[in-house]
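The structure appears below as C-alpha cells.
Starting from 1, each residue takes its place in the sequence as its number.
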Amino acid sequence: MYDINRIREDFPILGREVYGKPLVYLDNGATTQKPRCVVESIADEYYSVNANVHRGVHFLSQQATNLHEASRETVRRFINARSISEIVFTRGTTESINLVASTFADSQMKEGDEVIVSVMEHHSNIVSWQLQAARKGIRLRVIPMNDWGELLMDEYERLFSPKTKLVSVAHVSNVLGTINPVERIIEIAHAHGVPVLIDGAQSIPHLKVDVQALDADFYVFSGHKVYGPTGIGVLYGKESWLDKLPPYQGGGEMIQSVSFEKTTFNELPFKFEAGTPDYIGSTALAKALDYVSALGMDSIAAYEHELTVYAMQRMKEIPGMRIFGEAEHKGGVISFLVGDIHHFDMGTLLDRLGIAVRTGHHCAEPLMRRLGIEGTVRASLGLYTTKAEIDVLVAGIERVRKMFG
C-alpha cells in the first residue's frame, strides 16, 4: 500500500503555511523536498564523523571514507551499474554534462564533427555543447518533435552521418513531461556506432532506471531532484568510455604521482574527482536513494501516473486552458497557460494562495520558440503530492482566471 499520509509526515516542510495558506508544493521539477532521514544524516555526519576522505590514517577519516564509498555502491546498485568504477560524483547534472562535453570533445572530436540533441533539451544539454562548438568547430544537429511533444524518430535516424560522434538527449522533458523512447534512441545510435548520453535529471526521481538494460554509455542526474541534497550529482559512464576520456580538472585525489616533469592519473572513478568531494552530500544522497527504494520505484511511478492523469483531466475542465505536452508516455510535469493571462501573473497570484509553481522558459528557450510562446506555468508532481492538492491548484487557477475576466 502506498500510504501517502505516512509519506508526507517524513517531509516537515509540507506542513508549513505560506501567506496563511497551507503550502501546496508543485515545483518538484526544480527541486524536491527532503525527508527527515536525509537532513538528519547531514547533521549526524557533521557532528560525529566529519573528516576529509581518502588518504587519512586517523579513525574519523577512515570512517568518513567508508561512508563515502558505501554511498558510491548505493548509487551503483540504484541504477544497476556494473561497477563502482563507473560512478563519478559531481556537483549535479549540469557539471556531469559539462564533464562529458569537455572531455569527449577534446579526445574524440574534431572540427566538423556532430552531436545530436533534441529540441526539448534543457540549456545544460545545449550550451555545454555550444561551448565546444565555439572552441572546436563541432556542430549540433537537432531532433524535431510533433505538436504532442513527441520526438520524430524517423527524422532522428536521418540525422546520422559519418560525422556523428555522440547523441545527448533528455530521458524526460522538464517542460513537456514527455518520456522519451531512450531505449530506441540508444539502439539506433549504437547501430551507427555512436555512443549516447542520457540526461536523467527528470527521470531518476520518477522511474526505475537500469543503465545496463538501457545500454546507455553515459547517464547523469542530480541529487536534489531525487529528494537528496543540493550540490551533489552523478555521472555514470561505461568503464570503457571513462578510460578513454582525459581528466576534467586537475588537483588532489585525481593523481597517482606528480612531479614537475610529469603527472600520472588515478584509476577510475577518482580520475574525474579532483579535490575534496562532497562526502557529506554523497552520504545524504545515498539516504535519499534508500528512501525511494524502500517505497519502491515502481510504486512511485504508478502513483504519480495516476496523479498525472487526474491532474490533466481536472485542468482540462478549466475554460481557456492550454496544456503543452500531451505525449502518450508522459510524466508528472504539466506546463500550461490560461487564456491571455501571462505566466508570471498566474504564478504570482497562485503563490499568494500558497501554491508553489514555476513560471518562465524553464531553461528551455529553443523549445519555447518551437511552441510559439515565451513561457509557461509549470506544475510538477512528486511522490508526496495528493489529489487534494491538485484540487487546490485547479481552484486557484479558476480564481485567477475569473480575476482576469
Side-chain angles (χ1 to χ4, degrees), residues 93 97 100-101 104-105 108-134 136-203 207 209 213-220 322-331 333-335 361-376:
T93 303
I97 294 173
V100 175
F104 194 93
Q108 308 296 319
M109 303 186 76
K110 62 183 185 299
E111 185 175 355
D113 283 344
E114 298 173 348
V115 174
I116 295 175
V117 298
S118 84
V119 68
M120 62 180 70
E121 296 307 313
H122 188 280
H123 290 168
S124 62
N125 203 25
I126 299 173
V127 180
S128 302
W129 296 107
Q130 287 178 332
L131 291 172
Q132 302 309 315
K136 295 271 296 190
I138 65 175
R139 181 186 177 199
L140 292 185
R141 305 294 303 278
V142 182
I143 311 168
M145 70 178 196
N146 62 24
D147 291 340
W148 293 97
E150 299 166 324
L151 295 180
L152 300 177
M153 297 300 288
D154 290 343
E155 295 288 331
Y156 163 59
E157 193 154 11
R158 283 196 281 269
L159 292 175
F160 285 89
S161 77
K163 293 184 176 182
T164 307
K165 300 302 179 186
L166 187 78
V167 175
S168 188
V169 296
H171 195 164
V172 174
S173 167
N174 75 312
V175 175
L176 307 172
T178 303
I179 303 173
N180 286 318
V182 292
E183 297 92 341
R184 182 63 180 147
I185 287 170
I186 292 168
E187 182 182 14
I188 291 170
H190 285 177
H192 289 272
V194 175
V196 181
L197 182 153
I198 300 296
D199 173 358
Q202 297 295 330
S203 54
L207 305 173
V209 172
L214 288 176
D215 201 21
D217 300 280
F218 304 99
Y219 198 98
V220 300
R322 287 187 290 161
I323 293 176
F324 300 91
E326 296 194 52
E328 181 180 356
H329 301 289
K330 178 181 172 68
V333 176
I334 305 173
S335 289
H361 54 63
H362 316 299
C363 293
E365 289 188 72
L367 175 58
M368 294 298 143
R369 281 191 282 274
R370 164 63 178 83
L371 297 171
I373 56 178
E374 292 182 357
T376 71

*For His190, all residues meeting ring pair (Phe, Tyr, Trp, His ring centres under 6.0 Å), sequence neighbours excluded*: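 His190 satisfies ring pair (Phe, Tyr, Trp, His ring centres under 6.0 Å) with no residue once adjacent residues are dropped.
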*Residues two or more places apart in sequence or in another chain: which of them pass ring pair (Phe, Tyr, Trp, His ring centres under 6.0 Å) with His361?*
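Ring pair (Phe, Tyr, Trp, His ring centres under 6.0 Å) check on His361 returns His123.
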Restricting to salt bridge (charged side-chain N to carboxylate O under 4.0 Å, His left out), what partner residues turn up for [X], sequence neighbours left out?
X	answer
Arg322	none
Asp154	none
Lys136	none
Glu150	none

If you measure from [atom1] on [X] to [atom2] on [Y], what distance do you get to the nearest 0.5 Å?
X	Y	atom1	atom2	value
Ser124	Ile97	OG	CD1	4.0 Å
Gln130	Leu140	CD	CG	6.0 Å
Leu371	Ser335	CG	OG	9.0 Å
Lys163	Ile138	NZ	CD1	12.5 Å
Ile116	Arg139	CD1	CZ	10.5 Å
Ser118	Ile126	OG	CD1	8.0 Å

For [X] and [Y], indicate whether the former's side chain and the latter's backbone hold a donor-acceptor pair under 3.5 Å.
X	Y	result
Asp217	Val196	yes
Ser173	Val175	yes
Lys165	Gln108	no

*asked:* Evaluate Val142 against Glu155 for side-chain contact (heavy atoms from CB on, under 4.5 Å), listing each step before the verdict.
replied: CA-CA 9 Å; Val142 182; Glu155 295 288 331; over 6 Å; no
Suppose we screen for side-chain hydrogen bond (donor to acceptor under 3.5 Å, both in side chains). Which residues come up paired with [X], at least two apart in sequence or across chains?
X	result
Glu157	none
Asn125	Glu121, Trp129, Ser168
His171	Ser203, Tyr219
Arg369	none

*Would Phe324 and Ile373 satisfy side-chain contact (heavy atoms from CB on, under 4.5 Å), going step by step from the backbone distance to the final call?*
CA-CA 10 Å; Phe324 300 91; Ile373 56 178; 3.9 Å; yes
Considering non-hydrogen atoms only, spot the tightest contact between [X] and [Y] and give its length.
X	Y	result
Ala327	Gly149	CB-O, 4.2 Å
Val167	Ala189	CG2-CB, 4.0 Å
Asn174	His122	ND2-CD2, 3.8 Å
Thr164	Leu159	OG1-O, 3.8 Å
Met153	Ile185	CE-CG1, 3.7 Å
Leu197	Leu166	N-CD1, 4.5 Å

*asked:* My understanding is that only one of Leu151, Val169, Ile143 makes a side chain to side chain contact (heavy atoms under 4.5 Å, CB included) with Met120; could you say which?
replied: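 For Met120, the side chain to side chain contact (heavy atoms under 4.5 Å, CB included) test succeeds with only one of Leu151, Val169, Ile143, which is Leu151.
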*Atom CD of Glu374 with >12 non-hydrogen neighbours under 6.0 angstrom*: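 For Glu374, atom CD is not crowded (no more than 12 foreign heavy atoms under 6.0 Å).
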*asked:* Would you say CG of Asp147 has more than 12 non-hydrogen atoms from neighbouring residues, nucleotides or ligands within 6.0 angstrom?
replied: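 Not more than 12 within 6.0 Å, no.
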*What's the verdict on side-chain contact (heavy atoms from CB on, under 4.5 Å) for Met145 and Arg370, showing C-alpha distance, side-chain angles and the deciding distance?*
CA-CA 9 Å; Met145 70 178 196; Arg370 164 63 178 83; 3.7 Å; yes
_Pairs involving residues 137-160, ordered by first then second residue, that meet ring-ring contact (aromatic ring centres under 6.0 Å, His included) (sequence neighbours left out)_ =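 ring-ring contact (aromatic ring centres under 6.0 Å, His included) check on residues 137-160 returns Tyr156-Phe160, Phe160-His192.
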*Which pairs with one or both residues in residues 178-188 pass salt bridge (charged side-chain N to carboxylate O under 4.0 Å, His left out), sequence neighbours excluded?*
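Salt bridge (charged side-chain N to carboxylate O under 4.0 Å, His left out) check on residues 178-188 returns Arg184-Glu187.
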_Full working for side-chain contact (heavy atoms from CB on, under 4.5 Å) between Ile198 and Val209_ = CA-CA 11 Å; Ile198 300 296; Val209 172; over 6 Å; no
